[in-house]
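Below is one structure, written out as structure tokens, with a few remarks after it.
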2 protein chains.
Amino acid sequence: MPKELSVRVVGECCQLATTTMDDAAAARIAPMFKALGDPVRLRLAAMIAAQDEICVCDLTPHFALSGPTISHHLKILREAGLVDCERRGTWVHYWIQPAALQSLSTLLQAPIPR
Amino acid sequence: MPKELSVRVVGECCQLATTTMDDAAAARIAPMFKALGDPVRLRLAAMIAAQDEICVCDLTPHFALSGPTISHHLKILREAGLVDCERRGTWVHYWIQPAALQSLSTLLQAPIPR
DNA sequence: TTCCTATCTTGACATACTTCGAAACAGTGG
DNA sequence: CCACTGTTTCGAAGTATGTCAAGATAGGAA
């Protein structure tokens, strides 16, 4: 087994390499990536991030999907902690959670690109 | 909290906000997030990123999964462009594709946190 | 050479989860 | 009351995950 030959250059790629990605950490973080792993949700997240906040009624027209389906995708983004929302009168407003995006970004970031 | 102070800070959250996330872009990028959206694959990616390169035989023992299942997950990481591999003799060696991780990181990064 | 073993991938399959729309429900305001 | 907005529920269709068995590739022994 070539274990001795693959010299441990730990930490030279990115945080992903140095972070203790045990079972629990993976189970906590994976749902966030999973939420962004759907084209509709990725576009929804981008549209929400592009403004201070945005009404669902402004999101729906951009997709060839029913209201319930958009609502379902928004719920997944919400449960992943990537967005939050509040009802104000008739409309529900969504906004991005920058800290969540930042934590994912840091995880993937390469301080010492090779 | 005076809402006028944080009005329309388009592009101030992250690249995700400014990137043209049209249908095509979303379809291209989402599979990468999706690949990382599974706890097993996230741990695999972390283990691969933690070394210059690593043999499949060194990955498998860390999981309570069969060889074929690990191979399946590695294939998904490979097809997403997050890792690459090469057979050398008996063993197959995997390594991370730092550029792919970096592009995802940049997308999520918040240059001007708010 | 031929046979055998080890490593990894692929194919076939059962089970579980995702996605989506139709209908029903809940909250707001005229 | 009614109209409007958005969410939830339910079911059908599609997709993903995991195991077992078989195939492909490499290398060593007889």
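Between C/dT18 and A/Lys34, a contact under 4.0 Å exists linking OP1 or OP2 to a side-chain N or O. Listed pair B/Tyr94 / C/dT9 meets the phosphate criterion, a side-chain N or O lying under 4.0 Å from OP1 or OP2.
As a whole-Å value, the separation of B/Asp38 CG from C/dT18 P is 11 Å. Spacing between atom CD of A/Glu79 and atom C1' of D/dT7 amounts to 12 Å, rounded to whole angstrom units. Distance B/Glu86 CD to C/dC8 C1': 15 Å, rounded to the nearest Å. As rounded to whole Å, 13 Å separates atom P of D/dT17 from atom CG of B/Leu42. Between B/Leu65 atom CG and D/dC20 atom C1' the separation is 14 Å, expressed in whole Å.
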Listing time: all N or O pairs from protein to nucleotides 25-30 of chain D that are below 3.5 Å?
unit_1 : atom_1 : unit_2  : atom_2 : d
D/dT25 : O2     : B/Arg87 : NH2    : 3.1

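Proximity of a side-chain donor or acceptor of B/Ser103 to a complementary backbone N or O of B/Ala100 within less than 3.5 Å is detected.
The salt bridge (charged side-chain N to carboxylate O under 4.0 Å, His left out) analysis of residues 76-87 of chain A, with sequence neighbours excluded, yields the pairs A/Glu86-A/Arg88. Pairs engaging residues 34-46 of chain A under the salt bridge (charged side-chain N to carboxylate O under 4.0 Å, His left out) rule: A/Arg43-B/Asp23 [sequence neighbours left out].
Of all the residues in residues 69-77 of chain A, A/Thr69, A/His72, A/His73, A/Ile76 reach under 4.0 Å from DNA chain C with at least one non-hydrogen atom.
When distances run from any side-chain atom of A/Cys55 to the nucleotides C/dT10, D/dT7, D/dG6, the shortest one goes to D/dG6.
Checked against side chain to side chain contact (heavy atoms under 4.5 Å, CB included), B/Ser71 has no partners two or more places apart in sequence or in another chain. Under the side-chain hydrogen bond (donor to acceptor under 3.5 Å, both in side chains) criterion, B/Thr69 pairs with B/Ser66, not counting sequence neighbours.
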